[in-house]
Amino acid sequence: MKANPRIDAEWLHGRLEDLARVGATAGGGVTRLALSDEDRVGRDLLRDWMEEAGLAVRVDDLGNMTGRREGRERIAPVLLGSHIDSVRRGGRFDGPLGVLGALAAVRALDAAGIETRHPIEVVNWTNEEGVRFEPAMLASGVVGGRFDRAYAYDRADRDGVRFEDELRRIGYLGREEDRPESAAAYLELHVEQGPVLEDAGVPVGVVEGIVGITWLNVTVEGQADHAGPSPMRLRRDALVAASRLVAAVDRLARETDEIAVGTVGRLVPEPNLINTVPGRVVMSADFRHPDPATLDGMVERFRAQAEQLSAETGVSVTVDRFWTSEATPFDVGVVGEIAAACEELGLPQHRLWSGAGHDAKYVADRGPAGMIFVRSRGGLSHCEEEFSEPADIEAGANVLLLAALRLAD
Ligand SMILES: [Zn+2]
């Protein structure tokens, strides 16, 4: 076996540019919604590039595309993948980096004359973003066993067009037996979509897992009243009370630790008139943390503060915890190999948690998984300004390559 395989950075940047032309927006981003004509054109290109790299391409019943490179033994493959669909006016690297980075890794193994013990499969997961067909990570969720296929097929976009019908229309409705196999390991290279790596001054991050998320609906009931005749001491102003809850969400997360986050992103006061004391406020709260007990603890402390506020002010507060996505810690062995790959390349081993969902979450239901993050400029994503430096992309792809080689051999 020859030593030191490395990514062909020029090839990778060229293909990222080619793909970014499909659905390109005036502002330098892309709109390539799942199963749209743009997605089809992107898929056709990807299929060509997979075949050019000598991979055997198959498409499954959810449109997931898999390109296979055989190993020395007929055992479970090492899967490398991500998605090529985008949000509306999204960035050019969110998704494609993980698919084309994987393809660049396979090409690097070929160029170095390296055969691996495990087969390697490059996967493009359908409908990761969930913008056109909700929910997100739909196809990896079916493969991982979270959703039924019938449920996925019946998802419809805002025009009522069904997922299954669009798969068939663009020519990417394949067979169930062509799904990606249960993997010996799964690796996903992705842009960070946050500012942590930039803040730390490191190009690449070793992802420890995907945080748990919980959503609350909070209703504050006071008394609507005329803004003029009602004296301050007799008011039950729902918005004033709600503003203290907004501050509580922020403070609870800050007091917990460096990783915890808490956000009130939606707040609707009623009747929302300039000369009326607000009688009712409906607001959201979003808490995230890797540790389920810590996440529960934040919610409990929030409830306690809501009760205290209610006792102090006479408004009533109801807290409905209506949705939770449990945390997914990645496999320690896979995470360790990613860290070792960073070390081999002389890169810092900066560990962080993902605050957003990725296909790796559902793939992790079926086997050991891990992710590699590449620094995002300004932490921006899901927008046209999303950008990662070419040198950072190259570094991330090389980490993917070396981690894949360690896991596949
Ligand atoms: Zn993504």
Side-chain angles (χ1 to χ4, degrees), residues 12 15-16 19-20 22-23 25 28-36 38-39 42-43 46 62-65 79-104 122-144 146 180 186-197 204-205 207 209-211 213 288 325 328 330 338 352-364 369-388 392-393 396-397 399-400:
L12 177 56
R15 297 302 76 71
L16 284 166
L19 195 50
V22 183
T25 58
V30 291
T31 299
R32 197 170 46 241
L33 302 184
L35 310 187
S36 62
E38 291 77 17
D39 190 16
R43 285 163 175 268
L46 179 61
L62 297 148
N64 299 314
M65 299 171 66
L79 246 57
L80 314 176
S82 199
H83 60 96
I84 70 163
D85 68 319
S86 80
V87 298
R88 286 193 178 77
R89 287 183 298 281
R92 35 173 57 200
F93 302 129
D94 177 356
L97 176 59
V99 179
L100 297 177
L103 208 41
V122 176
V123 185
N124 168 35
W125 299 105
T126 300
N127 193 57
E128 192 275 344
E129 295 290 4
V131 170
R132 183 171 179 208
F133 301 101
E134 288 181 11
M137 295 130 55
L138 184 61
S140 58
V142 174
V143 172
R146 297 277 179 133
Y186 173 73
L187 291 172
E188 183 164 354
L189 174 69
H190 204 280
V191 289
E192 184 200 342
Q193 306 184 276
V196 172
L197 295 175
V204 172
V207 185
I210 294 175
V211 298
I213 308 170
R288 302 184 185 215
S325 168
T328 301
F330 287 142
I338 294 169
L352 76 169
W353 280 80
S354 173
H358 293 286
D359 289 310
K361 180 178 174 68
Y362 292 155
V363 181
M371 288 189 78
I372 302 150
F373 275 173
V374 171
R375 171 166 54 188
S376 296
R377 186 169 70 191
L380 299 175
S381 76
H382 282 189
C383 59
E384 294 172 322
E385 293 79 14
E386 176 220 273
F387 183 74
S388 292
D392 293 357
I393 284 174
V399 172
L400 177 70

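Order of appearance sets the numbers: ligands from 1, and atoms from 1 within every ligand.
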- [ ] Supply the atom-to-atom distance Leu46 CG to Leu19 CG, rounded to the nearest 0.5 angstrom.
- [x] 7.5 Å
Task: Approximate separation, where rounding is to 0.5 Å, of Arg89 CZ and Glu386 CD - done: 15.0 Å
Open item on the list: Going by ring-ring contact (aromatic ring centres under 6.0 Å, His included), name the residues that satisfy it together with His190, two or more places apart in sequence or in a different chain.
Closed with: His83, His358
Task: Ser82 and Glu188: side chain donor to acceptor below 3.5 Å - done: yes
Task: Heteroatom count (protein N, O or S) under 2.8 Å of the Zn ion (ligand 1) - done: 3
Task: Residues which pass side chain to side chain contact (heavy atoms under 4.5 Å, CB included) with Arg88, listed by chain and number, not counting sequence neighbours - done: Thr31, Leu33, Val131, Arg158
Open item on the list: Taking salt bridge (charged side-chain N to carboxylate O under 4.0 Å, His left out) as the cut-off, I'd like each qualifying pair that reaches into residues 371-382, sequence neighbours left out, listed once.
Closed with: Arg375-Asp392
